[in-house]
Amino acid sequence: MNIAIKCALIEAGIMKLEAEEPDIKELKTLMTSCEKLQQRTVKGSRILSNKGSHYLVESIYYSGLTKAQKEEIYTSEYEIGNPNPIKNLDIEDLYSYLEDEYGGSAEDLVKNIKRNVSELIGIPFETFLKADKSLAYKIITLFYRVCRQFSNQFFNFLNVDKQSKMQFEFRASFPYREAKGKGYENTALLAELLGHLTFSMPKEYLEQARLIETNLPAIADLISTHTRDYVECINNAVGHYEASGQMANLNKIVDSNLESAFHYIFESVDNQLTQRLDFLLYNLISLKEYIARKSSNELLAKLVCETPLELQSFQGGKCKTWEDKHVIPYLLGYDKSVSETVDKQTDFIEKYILARKMNGTTALPAQNKQILKAVIIHDSAIGNIKIESFVFGGKNIPSSITAILKKGSTDLDKSKTNDTVFSFENYPESILLYWVMRYQLALRVVMSKDKKKAIYLYQRIASWETRIDETLVSYVKNANLNTYDELLTLPKKFQVFLSNTIEPLS
């Protein structure tokens, strides 16, 4: 057994240190009891293995449980964790099992589950009943259990749509802790659903499902990087367009080239759908999470660009020294000293920026940190900047960008004093990302001769990143394994295509 899983089971109180294996009855309680939902997901920590990082429920299932152990934990064939196909496929027997095990009237809720799953996927549920009725019944049982034990509003939660509030907290890992328990509960339910959907997948589908979470954002980031490099390269290298007042025409050409590149890399989509309901659901719910995050990014980027940024550029100016007492007033355009409070708030945001990079860097370059300090002073002086976040079922989510700075810097200071682990899960991600984006925009502004052009380029790149996300999601929605196998080749194809369009513009 994986040592990390053993430690988690010991911590959960169902395995003794000297034991070789956990008690199967205790393990069944952990894996199936509604009271243990958060323990087997968000409170059980994520287990790192050579197959990726997963919550306890999924890690235990794939940690070497025998077929007999799985049958003992999930005693009924109707349960998705039971490895055996359902022998009795009479619908009335399914209703009887659901009502006996989880209560309520089964017929109406099962009809509701079929309808909602069909709407979620865009394929009639009958298609999956014909393809594999046993699997379809197991998935009905999974949703029935979740709806009866935890939330009769679960499908409303799943049908998250683009709206006016940030929805970064719609996620199946690393829950937002401060949403009156709802952030924890929502994340636990998503983790429970996605984890169980993997239990019935054949090996090739399981391996691909586990890559969606990491590959999709990585591919989007690579294509976004190539797009940003292309836009900046063209805009910086073709001054004769700017000199002759032809920048609008150049931008149209650049946009046309990018559209052509998208068409080129996405033209070979294989529209042959997989008939596996477990994989399609896993895919689409993962995409829902991805879309919620990217739509929130779009809203946030708009706010970041619309909020005035009156920092001075280093281009054409000169500081007396590179000390804070000279650099900060220069950037702000007025005399201002850096207080201890600002230093601590800067440390808080710097820690988050570095945590997102995950490259082992322990500090920002000195000049970058000065720019971050200037941004914090600048935006705090604006006052009343609020970012509304949405947590399904949650209320009173903090929205003030300055209040989070105060709370975060105080909490970080306490963790240093008490030598405790500091976590960013206690703060709305939208506000943390606001400060990251403002810092990124400020880097462009203070290093550019033309502030308006710097902001314009930032906006253009942000709009193209949205286009990339929308196109990529459309490409992989309902995709089969062949399409997923090709995903990793797309960024390189995109880069090569764009490189061939640069010379004609020079």
Side-chain angles (χ1 to χ4, degrees), residues 41 51-55 57-59 61-62 70 74 77-86 113-146 154-155 158-160 171-173 189-220 268-292 472-488 490:
T41 56
K51 300 295 185 181
S53 174
H54 311 287
Y55 276 127
V57 61
E58 191 175 343
S59 298
Y61 193 84
Y62 292 107
K70 290 175 182 178
Y74 302 98
E77 291 173 354
Y78 289 112
E79 299 294 340
I80 200 166
N82 186 295
N84 301 310
I86 300 170
I113 289 169
K114 289 179 181 179
R115 186 183 71 253
N116 279 287
V117 169
S118 296
E119 290 174 356
L120 190 65
I121 297 179
I123 301 171
F125 199 86
E126 289 299 317
T127 301
F128 303 106
L129 287 171
K130 291 176 182 176
D132 188 340
K133 186 177 281 190
S134 176
L135 176 59
Y137 278 13
K138 285 174 181 281
I139 288 174
I140 287 172
T141 302
L142 173 61
F143 277 107
Y144 192 95
R145 176 174 68 82
V146 170
F154 188 60
F155 282 105
L158 285 184
N159 286 320
V160 59
R171 58 197 189 206
S173 58
L189 285 175
L190 274 180
E192 174 89 341
L193 181 62
L194 290 175
H196 278 73
L197 284 171
T198 70
F199 292 175
S200 54
M201 290 182 193
K203 181 181 178 182
E204 65 272 20
Y205 284 91
L206 173 62
E207 290 175 350
Q208 189 59 70
R210 286 174 159 173
L211 291 174
I212 293 171
E213 181 182 8
T214 53
N215 278 7
L216 206 63
I219 290 163
S268 60
V269 62
D270 184 346
N271 288 317
Q272 182 182 355
L273 298 177
T274 177
Q275 297 297 303
R276 289 208 62 88
L277 180 56
D278 47 10
F279 181 76
L280 277 175
L281 279 168
Y282 189 101
N283 177 18
L284 286 166
I285 293 168
S286 297
L287 288 178
K288 285 270 186 184
E289 181 180 355
Y290 183 79
I291 292 166
L472 191 56
V473 167
S474 176
Y475 182 70
V476 300
K477 186 179 181 182
N478 295 343
N480 61 21
L481 294 186
N482 291 335
T483 303
Y484 277 100
D485 287 341
E486 294 175 2
L487 282 180
L488 294 175
L490 298 184

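As a basis for the values below, the full set of heavy atoms in this structure was taken, side chains included, without hydrogen atoms, waters or symmetry mates.
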side-chain contact (heavy atoms from CB on, under 4.5 Å) evaluation trace for Leu216 with Leu287
CA-CA 9 Å; Leu216 206 63; Leu287 288 178; 3.3 Å; yes
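- From Asp278, atom CG reaches atom CG of Leu135 across 4.5 Å, with rounding to the nearest 0.5 Å.
- Counting only heavy atoms from C-beta outward, the side chains of Leu277 and Ile121 approach each other to under 4.5 Å.
- In this structure, the side chain of Asn82 engages the main chain of Tyr74 through a donor-acceptor pair within 3.5 Å.
- With rounding to the nearest 0.5 Å, the separation of CG in Asn159 from NZ in Lys288 is 5.0 Å.
- Using a 4.5 Å cut-off on side-chain heavy atoms (C-beta onward), Leu158 and Leu190 make contact.
- A side-chain donor-acceptor contact under 3.5 Å links Ser118 to the backbone of Phe125.
- Two residues are said to be in side-chain contact when any heavy atoms from C-beta on lie closer than 4.5 Å; Lys114 and Pro124 fail this criterion.
- Ala172 and Ala191 make their closest contact through O-CB, 3.6 Å (heavy atoms, listed as atom of the first residue, atom of the second, distance).
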Please walk me through it: do Lys70 and Glu79 pass salt bridge (Lys or Arg N to Asp or Glu O under 4.0 Å)?
CA-CA 10 Å; Lys70 290 175 182 178; Glu79 299 294 340; over 6 Å; no
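- Under the 3.5 Å distance criterion, the side-chain polar atoms of Ser200 are left unmatched by any main-chain donor or acceptor of Ile80.
- A 4.5 Å side-chain heavy-atom check between Leu194 and Leu281 finds every atom pair outside the cut-off.
- A heavy-atom distance below 4.5 Å is found between the side chains of Phe128 and Leu280.
- In this structure, Ile219 CD1 and Asn215 CG are separated by 5.0 Å, a value rounded to the nearest 0.5 Å.
- Inter-residue side-chain proximity for Leu197 and Phe279 is flagged as unmet; no heavy-atom pair is nearer than 4.5 Å.
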One pair to check against salt bridge (Lys or Arg N to Asp or Glu O under 4.0 Å): Arg210 and Glu58. What are the steps and the verdict?
CA-CA 11 Å; Arg210 286 174 159 173; Glu58 191 175 343; 3.3 Å; yes
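- For the pair Lys138 and Tyr78, the NZ or CZ position fails the cation-pi test of under 6.0 Å to the six-membered ring centre and within 45 degrees of the ring normal.
- For the pair Thr198 and Tyr62, the minimum side-chain heavy-atom distance is below 4.5 Å.
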Passes side-chain contact (heavy atoms from CB on, under 4.5 Å), His196 versus Val146? Steps please.
CA-CA 11 Å; His196 278 73; Val146 170; over 6 Å; no
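- Considering CG of Leu193 and CZ of Phe143, their distance stands at 4.5 Å, rounded to 0.5 Å.
- Asn116 contributes atom CG, which lies 8.5 Å from atom CD1 of Ile113 (distance to the nearest 0.5 angstrom).
- In this structure a side-chain-to-backbone donor-acceptor pair under 3.5 Å is missing from Thr127 to Ile123.
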Pair Leu211, Leu487 - check side-chain contact (heavy atoms from CB on, under 4.5 Å), show working.
CA-CA 11 Å; Leu211 291 174; Leu487 282 180; over 6 Å; no
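- Aromatic ring centres of Tyr282 and Tyr205 lie farther apart than the 6.0 Å criterion allows.
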